[in-house]
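Structure record follows, encoded as structure tokens.
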Amino acid sequence: MLYIGVDLGTSAVKLLLMEGDGRIVNIVSKEYPLYFPHPGWSEQKPEDWYAQSIAGIKELIADVDKSQIAGISFGGQMHGLVILDENDEVIRPAILWNDGRTTEECDYLNNEIGKDKLSEYTANISFTGFTAPKVLWVKNKEPENFARIKKIMLPKDYIAYKLTGVHCTDVSDASGMLLFDVKNRCWSKEMCEICGVKEEQLAKIYESYETVGCVLPEIAKELGISETVKVAAGGGDNAAAAVGTGTVGDGMCNISLGTSGTIFISSDKFGVDKFNALHAFAHADGHYHLMGCMLSAASCNKWWMDDIIGTEKYVDEQKAITDDKLGENHVYFLPYLMGERSPHNDPDARGTFIGMTMDTTRADMTQAVLEGVAFALRDSLEVARSLGIHIERTKICGGGAKSPLWKRMIANIMNLKVDVIESEEGPAMGGAMLAAVACGEYESVEEAAAKIVKIVDTVEPEPDLVEKYEKRYQQFKQIYPTCKELFGKLK
């Protein structure tokens, strides 16, 4: 049978067609506009998502036996606010994860309601990107729209609704709303009250691999597929990507070196660190995960290469960083070019070079950028370790993972075995795998991951280099606390 994975991203929807054994049959991508109506605002039209998803599915399955298509599921951009009226029509453009308009609402939630209460109710604290502060913003700034709200949805769930007629969400995506009791996998009555939301305005909650319904007859006819095609709830983009890399089950880890960087740790047990430095979310495998998110990862290297030293030859620049230089660099770089999320939650943090001398070279500074990202990811790993979570190895994905040097730095700075997988297709692959589980192709997400995801290489930590980098990390982690007060004044 064939399964469709839909990755609803910020710039495009990526659609993937997968056979039951994990073989990828086809991939299609369709772009849609992004709107910035005011500085710091970021919006999209849900109608564009749906139109491009349908167009993409038609192209994706044009040359296959459509009777073999059994299921559809999703990964998708998290935190976005989609609001529908009593006729299930979109009230206003969706407010996206990277929208910064909710500073006042976050201050209210974190400081007046209090971080301790938020953590008790939802296992997390408020960030400008989360959904609950967006709901409060609409309540405060657009009361006429707030009064019309019949349903509050997340981006990928709008597509699922349009396909099935079911108002649904999954536990992993709901975890990023700040309206969800992560530990008990249900809506938080306290947060609903704080935000002026009725529980019936929220979607029905499913596990990511559960079927929410079948494709509506008119949609099935338009696509040329059976009305029995199942639609599974799917997951938030990071949880779906974790499924796609096999990061499921207790103590598994995935590091993503994309534009932003994440460290994703799956766990059988629910856990929250005392400072809420990491996000504590439900996972698409039926359990939980912790996630550290840094706002600038591979984008730091892109900024350094493209904008500062002005080269497209990334590989050549890294060739100058020879083996003897590793663990010996006296230059450090704080990778906070857009502020920082995990573990500091400091929008005022800034990118910083420190330690240069007259003999500092271009290669030293390139090395510092790569090491700085790895050191910052280790900050989040250390929070997880403080909770007693023992990690020995990690998968790795994202554009930065194409660099052998960067993978070696990650392995030695974090003292982890770094596993490279055969096919890294992110949330779209995870979505297709969740659809396969929903259709009974596999009994569990863990079984699907074990049979589909293949490791093709492992980068091992080198004891001597681990020891050198340990000393460097102990110095690195003193830099941000020393600069923190200054950052707040650099406005």
Side-chain angles (χ1 to χ4, degrees), residues 8 10 32-50 76-115 117-122 124-162 166-169 173-181 186-205 347:
L8 190 74
T10 312
Y32 31 68
L34 186 61
Y35 301 97
F36 305 101
H38 295 282
W41 292 22
S42 179
E43 298 181 349
Q44 282 177 329
K45 295 179 180 178
E47 300 91 339
D48 291 342
W49 299 334
Y50 178 66
Q77 50 166 300
M78 296 178 69
H79 314 305
L81 176 66
V82 179
I83 49 177
L84 308 182
D85 65 15
E86 60 182 6
N87 299 314
D88 285 330
E89 297 293 333
V90 175
I91 293 172
R92 68 168 331 280
I95 305 175
L96 302 191
W97 63 275
N98 56 352
D99 185 286
R101 75 184 72 182
T102 60
T103 303
E104 291 179 14
E105 288 75 18
C106 281
D107 287 345
Y108 165 73
L109 290 169
N110 283 329
N111 300 324
E112 293 192 38
I113 300 300
K115 292 180 180 180
K117 284 188 177 178
L118 296 183
S119 184
E120 178 188 343
Y121 300 152
T122 71
N124 294 279
I125 59 176
S126 186
F127 293 85
T128 53
F130 282 10
T131 316
K134 294 181 174 74
V135 174
L136 282 175
W137 183 91
V138 174
K139 183 181 179 183
N140 295 335
K141 305 294 195 302
E142 298 179 351
E144 69 287 353
N145 284 335
F146 187 80
R148 294 172 59 202
I149 295 175
K150 185 72 173 179
K151 283 293 177 185
I152 293 169
M153 302 195 77
L154 293 163
K156 76 172 190 340
D157 302 329
Y158 177 75
I159 308 301
Y161 158 71
K162 292 288 283 184
V166 178
H167 298 106
C168 58
T169 191
D173 214 356
S175 295
M177 293 180 75
L178 207 71
L179 291 166
F180 187 68
D181 178 346
C186 64
W187 296 119
S188 164
K189 290 180 172 58
E190 295 88 352
M191 286 306 299
C192 286
E193 190 174 324
I194 288 165
C195 295
V197 171
K198 297 173 184 174
E199 197 165 327
E200 55 264 32
Q201 291 176 298
L202 299 170
K204 184 179 177 182
I205 299 163

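By convention here, the first residue in the shown sequence is residue 1. Being a predicted model, the structure only gives us computed values, none of them experimental.
The closest donor-acceptor contact from the side chain of Glu199 to the backbone of Trp187 lies at 3.5 Å or more, if one exists at all. The closest donor-acceptor contact from the side chain of Asn110 to the backbone of Ser126 lies under 3.5 Å. Asp99 contributes a side-chain N or O that, together with a main-chain N or O of Arg101, makes up a donor-acceptor pair within less than 3.5 Å. A donor-acceptor distance shorter than 3.5 angstrom exists from the side chain of Lys134 to the backbone of Leu96, with no hydrogens or angles considered. In this structure, the side chain of Ser188 engages the main chain of Met191 through a donor-acceptor pair within 3.5 Å. Between the side chain of Ser119 and the backbone N or O of Lys115 there is no donor-acceptor pair closer than 3.5 Å. No donor-acceptor pair closer than 3.5 Å links the side chain of Lys45 to the backbone N or O of Leu34.
Heavy atoms from other residues, nucleotides or ligands lying under 6.0 Å from CD of Glu86 number 12 at most. Summarising the local packing, CH2 of Trp49 is surrounded by more than 12 heavy atoms from other residues, nucleotides or ligands at distances under 6.0 Å. The neighbour count for Lys189 NZ, taken as heavy atoms of other residues, nucleotides or ligands under 6.0 Å away, does not exceed 12.
With sequence neighbours excluded, no residue forms a side-chain contact (heavy atoms from CB on, under 4.5 Å) with Pro39.
Aromatic ring orientation, Tyr158 versus Tyr161: tilted (interplanar angle from 30° to 60°).
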Derivation and outcome, side-chain contact (heavy atoms from CB on, under 4.5 Å), residues Leu136 and Leu109: CA-CA 10 Å; Leu136 282 175; Leu109 290 169; 3.8 Å; yes

Working for side-chain contact (heavy atoms from CB on, under 4.5 Å), residues Ile152 and Met177: CA-CA 10 Å; Ile152 293 169; Met177 293 180 75; 4.1 Å; yes

Using the salt bridge (charged side-chain N to carboxylate O under 4.0 Å, His left out) rule, take Arg148 and Glu142 through it: C-alpha gap first, then chi angles, then the decisive distance, then the call. CA-CA 10 Å; Arg148 294 172 59 202; Glu142 298 179 351; over 6 Å; no

Any chance you could lay out the side chain to side chain donor-acceptor pair (under 3.5 Å) test for Asp88 and His167, step after step, and finish with the verdict? CA-CA 10 Å; Asp88 285 330; His167 298 106; 3.0 Å; yes

Could you go through the side-chain contact (heavy atoms from CB on, under 4.5 Å) check for Phe180 and Thr131 one step at a time? CA-CA 10 Å; Phe180 187 68; Thr131 316; over 6 Å; no

Assess the residue pair Lys156 and Thr169 against the criterion (side-chain contact (heavy atoms from CB on, under 4.5 Å)); give the C-alpha distance rounded to whole Å, side-chain angles, the decisive distance to 0.1 Å, and a yes or no. CA-CA 8 Å; Lys156 76 172 190 340; Thr169 191; 4.2 Å; yes

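One distance of note links OG of Ser175 with CZ of Phe130; it measures 9.5 Å at 0.5 Å rounding. Remark: Tyr121 OH to Leu178 CG distance equals 11.5 Å, nearest 0.5 Å. Taking NZ of Lys139 as the start and CZ of Phe146 as the end, the distance is 5.0 Å to the nearest 0.5 Å. We find the OG1-NZ distance between Thr102 and Lys141 to be 9.5 Å, quoted to the nearest 0.5 Å. For the atom pair CD of Glu190 and CD of Glu120, the computed distance is 7.0 Å after rounding to the nearest 0.5 Å. Rounded to the nearest 0.5 Å, atoms CH2 (Trp97) and OG1 (Thr128) are 10.5 Å apart.
Under 4.0 Å is where a charged nitrogen must lie from a carboxylate oxygen, and between Glu43 and Arg92 at least one such pair does.
Closest heavy-atom contact between Cys168 and Ala160: SG-CB, 3.7 Å.
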